[in-house]
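Contents: one structure, followed by commentary.
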2 protein chains.
Amino acid sequence: MDQTFHEPKYSVKDVSEITGLTKHTIRYYDDQQLIPFVSRDARINRLFSDHDLDWLRMVHSFRISGLPISEVKHYIAMCLQGDETIPERAELIAKQEKELEAKIREYNLQLMHIKKKKAYYESVSTGQLDDTWNPVNNNPECGEKYDIPEHIKSAPKVHVRA
Amino acid sequence: MDQTFHEPKYSVKDVSEITGLTKHTIRYYDDQQLIPFVSRDARINRLFSDHDLDWLRMVHSFRISGLPISEVKHYIAMCLQGDETIPERAELIAKQEKELEAKIREYNLQLMHIKKKKAYYESVSTGQLDDTWNPVNNNPECGEKYDIPEHIKSAPKVHVRA
DNA sequence: TATTGACTTCGAGTTACTCGAATACTTTAT
DNA sequence: ATAAAGTATTCGAGTAACTCGAAGTCAATA
């Protein structure tokens, strides 16, 4: 962290090229106050420092991990407020960790499903073309059979006018 | 797959309770033609069969895994069309597998980030309350340092009117 | 008969972008 | 000197996939 760290030097276009975010998104994040301290040049144009870049990276990282913008805002507000918000910030981070882990579990599950489906399509392609697994006819989509609650299973309610 | 498999017997509410999807979402999917063959009772009310449930599960699974509705529609159209679409269906599935794997990699990366942040907050909470890692001051958010392209790094362009 | 509850459609609201138009300014080319 | 490029700005509309609530219809129950 040298003295050039806070020196404003990157235009929106630069930041876009560095981070891979679109110029639109960068402006949008700035408009939403997700990057405090962004300065402007003598006219009106945004200028980002390395510090701003770091900050944007953090915001981007939060967003990728699925934290809503409102929560990112909340986290930022806490950072700006001071040390007394540390416990709450830690809480937010811990919660987000849980959510990410849940997401990864869910996606791994879906990956299993898709692999099964893929295996089926491969078997059908290499062997004879017998599309019995077509969901139109028969749909073994979900390996895990879903449970139908007793009160629904036992009491089908079809109301047909006599 | 017995003969009751295609018998319409579940109301929207039933399906909601069985699948966990909201009634709104179920109707939305039906409106979007994501569940072919859904029947209606003598009046106007939707009635779902076990087959429809399976189908809805498939759609739900696709959606969870991030496949856009337009693609789900495309997949369905192909299923309805017949065996000649099998190669293209297989392609779609393979592509979606890749996307899921990429997503899982990305989320694992984000999980690493969040774990680092969490560790920091834990160290700060148990030890002395020294919030030097507050991004306001210094933001080691991104373990991996980002590269600033040479042409940007070397030519800082600050235009200040004289 | 009135209330309850479940169904319907429809239209508006939400989130997080995403895109394009209108406009302003500087730099470069003619 | 002026025109064309290039980059910047704001602003308003569009998009995806829900999400919600209002208004209306009908059947069963109190």
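Lettering of chains follows the sequences in order, A, B, ..., and the numbering in each one begins at 1.
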What integer distance in Å separates [X]:[atom1] from [N]:[atom2]?
X	N	atom1	atom2	value
A:Leu47	D:dA8	CG	P	10 Å
B:Asp14	C:dC7	CG	C1'	12 Å
B:Arg63	D:dA16	CZ	P	11 Å
A:Ile44	C:dC25	CD1	P	9 Å
A:Asp31	D:dA8	CG	P	15 Å
B:Leu21	D:dT19	CG	C1'	13 Å
A:Asp30	C:dA16	CG	P	17 Å
A:Asp41	C:dT26	CG	P	10 Å

Presence of [X] side-chain N/O under 4.0 Å of [N] phosphate oxygens OP1/OP2:
X	N	result
B:Arg46	C:dT9	yes
B:Tyr29	D:dC18	yes
A:Arg27	C:dG20	no
B:Arg40	C:dC7	no
A:Thr25	C:dT18	yes

Of the candidates C:dC19, D:dA8, D:dT19, the side chain of B:Tyr28 sits closest to D:dT19
From the candidates C:dA24, D:dA8, C:dT8, the one with an atom nearest any side-chain atom of A:Arg43 is C:dA24
For A:Lys73 and A:Gln32, which heavy atoms make the closest approach, and how far apart are they? CE-O, 3.0 Å
Quick one about B:Tyr10 and B:Asp52 (side-chain donor to acceptor, distance below 3.5 Å, no hydrogens or angles considered), yes or no? no
Do B:Tyr121 and A:Arg89 have side-chain N/O donor and acceptor atoms under 3.5 Å apart? yes
I need the single residue from B:Val72, B:Leu56, B:Ile26 that forms a side-chain contact (heavy atoms from CB on, under 4.5 Å) with B:Leu34. Which is it? B:Val72
What's the spacing between A:Arg105 CZ and B:Ile104 CD1 if we round to 0.5 Å? 12.5 Å
Closer to the 5' end of DNA chain D via nearest nucleotide, is it B:Pro68 or A:Asn45? A:Asn45
